[in-house]
Q: 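Would you mind keeping the following structure in view while I ask a few things?
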There are 2 protein chains.
Amino acid sequence: MTTDPYNIACTHGFIQSSCSDCNLKGLCLPIAMDLKDIDRVNDIIKRSRPIHAGEHIYRTGDGFTSIFAVRSGSIKTYLLDDDGVEQVTGFYLPGEILGFDGIGNNTHGCNVVSMETSTVCEIPFERIEELSLQIPVLQRHFFQLMSQQIESDHQMMMTLSKKNAEGRVTTLLVSLSNRFSRRNLSAKSLRLPMSRMDIGNFLGLTIETVSRTFSRLQKEGIINVDGREIHINDNEKLHSVCHASK
Amino acid sequence: MTTDPYNIACTHGFIQSSCSDCNLKGLCLPIAMDLKDIDRVNDIIKRSRPIHAGEHIYRTGDGFTSIFAVRSGSIKTYLLDDDGVEQVTGFYLPGEILGFDGIGNNTHGCNVVSMETSTVCEIPFERIEELSLQIPVLQRHFFQLMSQQIESDHQMMMTLSKKNAEGRVTTLLVSLSNRFSRRNLSAKSLRLPMSRMDIGNFLGLTIETVSRTFSRLQKEGIINVDGREIHINDNEKLHSVCHASK
DNA sequence: ACGGTTGCTTGATTTAGGTCAACAGAAAAA
DNA sequence: TTTTTCTGTTGACCTAAATCAAGCAACCGT
């Protein structure tokens, strides 16, 4: 086994060191990109050593130099307000890209921490910006990724503003289920990468309410809960509860 | 007076038909852009006839072709969920750019409606995308604008998730005050462009709670309220109430 | 001058979810 | 082994904001 810090990260047991081999490339790179251009992107990417649970990738105020693609594990982003109150602003799973805040004023706008052992691909922004000038489909891709982030943030505003506890929790479950199945993992059985604390913080609820909501959904036969293991029994009901408003 | 629909829009009483003359260009275009490039941008922009209160600029699902800069008046964006429930996702004032959702899947992701008589500059996206490949500072600018939108959406998530009614209302007032003063308007006295309904919808509160909160802030001497006219008496207190959490 | 509609305010009551408190299982430490 | 810590669950109670209801002023079209 190699000791190269950029190559020991793969969780699948084999070294995966190039974008063209990566089974996540359909998520973080444009599909319609020819191999030559993928290699040009590949050349500027730095692959990380494993990042342990609780370890930060960057913090608010750090100089902005790179965006990051999650390769394995799971990551959360959060803000701290003036009083030190934490607000979780997002959960990021393999194939997803984070760090698009930060471009605005050349300073990272949030804190990023690993929720379990994770690996990321670091994408130096100035380099990818140059490439984007030369590869139109890449420029378009980044506009699209940022646009999707904006759309999903707006959905989140809707969730926080209009939905009750059941609606919020089920919305998160549906989102996670979709994102797992995009990676060809089970949409029915999933292991939550985050604590009840983080769920509550993200959804604007207390841990007690999150816990009670899980229990209620289980009692109604919609899901089975065993700690962080969730099984979706009744997807239809789950989706209908999803719209529950306050 | 001309009847050219693209040139009757100016509210200042004179025709203003070029970006280089526009007193908002510092807000929607990069500062470090030379005149030649500003003219190239100017050439692709379509200036709108006046859009009346309640008139839509586009709706969710419409084909995405352009982003828009607000030139005068005020605009709100909102989502409709499956049950037809409205969620206001943003208020846009002169110099601000909207429509960055929509890039992701080539379809507009929200509804956009004018809150009063407004004019906008329509920026055809494919044209500005081409220009962005040729003018690096312009590409950077759009990345920055989208990044700022993401950051402010995250702040909004914090507001909705963590703040009580007073915190939410004052946060909106502070934001509006800042955005008015950016345009060299009074930061102390402002006229709200939106109804109590829209404020409540945006902030995840009922109109009654919004109304009561305004009344309470007035009783505490922090602001004066006369319908949509707001005067900020005690900016310091306003900012401290701003952090009020639930 | 006329109802009718719309936007906003205020009061009385209800309720979802917050707060406080106790406890249990799992994992880590001693 | 016991102890401690951490995470999650459940119960009792309380409170901020929702809901329900009434009323008022401004503005509309007739």
Side-chain angles (χ1 to χ4, degrees), chain A residues 52-54 76 85-88 115-117 159-173 191-220 223-230 241 243-246, chain B residues 52-54 74 76 85-88 113 115-117 159-173 191-220 223-230 241 243-246:
Chain A
H52 300 297
K76 78 168 180 186
V85 177
E86 178 174 330
Q87 171 66 43
V88 173
M115 296 192 291
E116 60 189 308
T117 301
T159 298
L160 290 172
S161 166
K162 292 283 177 320
K163 290 182 183 174
N164 63 16
E166 277 204 346
R168 295 183 200 194
V169 170
T170 53
T171 298
L172 177 62
L173 288 181
R191 182 179 170 74
L192 299 174
M194 71 291 281
S195 67
R196 298 288 191 271
M197 185 83 228
D198 285 334
I199 295 175
N201 190 304
F202 181 58
L203 297 176
L205 302 169
T206 59
I207 46 173
E208 293 95 327
T209 300
V210 172
S211 186
R212 276 186 258 267
T213 304
F214 274 131
S215 300
R216 197 169 340 124
L217 291 171
Q218 176 160 251
K219 208 180 304 172
E220 290 164 5
I223 59 173
N224 265 43
V225 186
D226 177 18
R228 294 189 176 193
E229 294 295 339
I230 304 284
V241 174
H243 300 302
S245 63
K246 58 181 175 189
Chain B
H52 301 298
S74 54
K76 78 168 180 188
V85 177
E86 180 174 327
Q87 172 66 43
V88 174
V113 65
M115 297 192 291
E116 60 189 307
T117 302
T159 297
L160 290 172
S161 166
K162 293 281 175 327
K163 290 181 183 175
N164 65 13
E166 276 203 348
R168 296 183 200 193
V169 170
T170 52
T171 297
L172 177 63
L173 288 181
R191 182 178 170 75
L192 299 173
M194 72 293 281
S195 66
R196 299 288 191 268
M197 184 86 227
D198 285 335
I199 294 175
N201 190 305
F202 181 59
L203 297 177
L205 302 169
T206 60
I207 46 173
E208 293 95 326
T209 300
V210 172
S211 185
R212 276 185 257 267
T213 304
F214 274 131
S215 300
R216 196 168 342 124
L217 291 171
Q218 176 162 249
K219 207 179 306 172
E220 290 164 5
I223 59 174
N224 265 43
V225 186
D226 177 19
R228 293 189 178 193
E229 294 295 338
I230 304 284
V241 174
H243 300 303
S245 63
K246 60 181 176 187

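Every chain is numbered from 1, with letters handed out A, B, ... down the list of sequences. These numbers come from the heavy atoms of this one structure, side chains and all, not from hydrogens, waters or symmetry mates.
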Q: Looking at Asn201(B), is its backbone amide N or carbonyl O close enough to the side chain of Lys162(A) to form a donor-acceptor pair, meaning the two atoms are under 3.5 Å apart?
A: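 Judged by distance alone, yes, a pair lies under 3.5 Å.
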Q: Does a side-chain N or O from Arg228(B) land closer than 4.0 Å to OP1 or OP2 of dC8(C), or not?
A: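 Answer is yes, contact under 4.0 Å.
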Q: CZ of Phe214(B) versus C1' of dG7(C): gap in Å, rounded?
A: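 Whole-Å distance recorded here is 13 Å.
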Q: Where do Phe214(B) and Arg196(B) come nearest, in terms of heavy atoms and distance?
A: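 Result for this residue pair: CD1-NE, 3.6 Å.
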Q: For Ser195(A), answer base if it contacts any base atom (sugar-phosphate contacts may also be present), sugar-phosphate if it contacts only those atoms, and nothing otherwise; contact means non-hydrogen atoms under 4.0 Å.
A: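 Here Ser195(A) touches the backbone only, sparing every base.
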Q: Separation of Ile199(A) atom CD1 from dG8(D) atom P, in whole Å?
A: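 It is 8 Å, rounded to the nearest whole Å.
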Q: Is there a side chain to side chain contact (heavy atoms under 4.5 Å, CB included) between Asp198(A) and Glu86(A) once you walk through the steps?
A: CA-CA 10 Å; Asp198(A) 285 334; Glu86(A) 178 174 330; 4.3 Å; yes
Q: Residues in salt bridge (Lys or Arg N to Asp or Glu O under 4.0 Å) with Arg228(A), at least two apart?
A: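 If we apply the salt bridge (Lys or Arg N to Asp or Glu O under 4.0 Å) test to Arg228(A), skipping adjacent residues, there are no hits.
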Q: Can you tell me if Met197(B) has over 12 outside heavy atoms packed within less than 6.0 Å of its CE?
A: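 At most 12 heavy atoms, drawn from other residues, nucleotides or ligands, come within 6.0 Å of this atom.
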Q: Before accepting this row, confirm whether a basic side-chain N of the pair Glu116(B)/Arg191(B) lies closer than 4.0 Å to the acidic partner's carboxylate O.
A: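 Not counted as a salt bridge, because no side-chain N and carboxylate O are separated by less than 4.0 Å.
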Q: Expressed in angstrom and rounded to an integer, what is the separation of Met115(A) atom CE from dC6(D) atom C1'?
A: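 Computing the Met115(A):CE to dC6(D):C1' distance gives 18 Å.
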Q: Grab the CG-C1' distance between Asp226(B) and dA26(D) for me, whole Å please.
A: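 It is 12 Å, rounded to the nearest whole Å.
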Q: Name all residues meeting the side-chain hydrogen bond (donor to acceptor under 3.5 Å, both in side chains) criterion together with Thr213(B); count only those two or more places apart in sequence or in a different chain, and write none if there are none.
A: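 Counting only residues at least two positions away or on another chain, Thr213(B) forms no side-chain hydrogen bond (donor to acceptor under 3.5 Å, both in side chains).
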Q: Using salt bridge (Lys or Arg N to Asp or Glu O under 4.0 Å) as the criterion, list what pairs up with Glu208(B), not counting sequence neighbours.
A: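 If we apply the salt bridge (Lys or Arg N to Asp or Glu O under 4.0 Å) test to Glu208(B), skipping adjacent residues, there are no hits.
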Q: Tell me the interatomic distance from Ile230(A), atom CD1, to dG8(D), atom C1', rounded to whole angstroms.
A: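 Atom-to-atom, Ile230(A) to dG8(D), this comes out as 12 Å.
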Q: With axes from five pairs an end, tell me the bend angle of the helix from dG3(C)-dC28(D) to dA30(C)-dT1(D), nearest 10°.
A: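 Computed from the C1' atoms at both ends, the axes differ by 30°.
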Q: Please produce a list of atom pairs where a protein N or O lies less than 3.5 Å from an N or O of nucleotides 17-19 of chain C.
A:
unit_1  : atom_1 : unit_2    : atom_2 : d
dG17(C) : OP1    : Ala165(A) : N      : 2.7
dG18(C) : OP1    : Gly204(A) : O      : 3.3
dG18(C) : OP2    : Thr206(A) : N      : 3.2
dG18(C) : OP2    : Thr206(A) : OG1    : 3.1
dG18(C) : OP2    : Thr209(A) : OG1    : 2.5
dT19(C) : O4     : Arg212(A) : NH2    : 2.9

Q: Rounded to the Å, how far apart are Lys162(A) NZ and dA16(C) C1'?
A: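 That distance rounds to 17 Å.
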Q: Measure from CD on Glu229(A) to C1' on dT7(D) and round the result to the nearest Å.
A: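 These atoms are roughly 15 Å apart.
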Q: With Lys163(A), which residues qualify under salt bridge (Lys or Arg N to Asp or Glu O under 4.0 Å), at least two apart?
A: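 Lys163(A) satisfies salt bridge (Lys or Arg N to Asp or Glu O under 4.0 Å) with no other residue.
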Q: Quick one: Leu160(B) CG to dA17(D) C1', roughly how many Å, whole number?
A: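 Rounded to whole Å, this separation is 15 Å.
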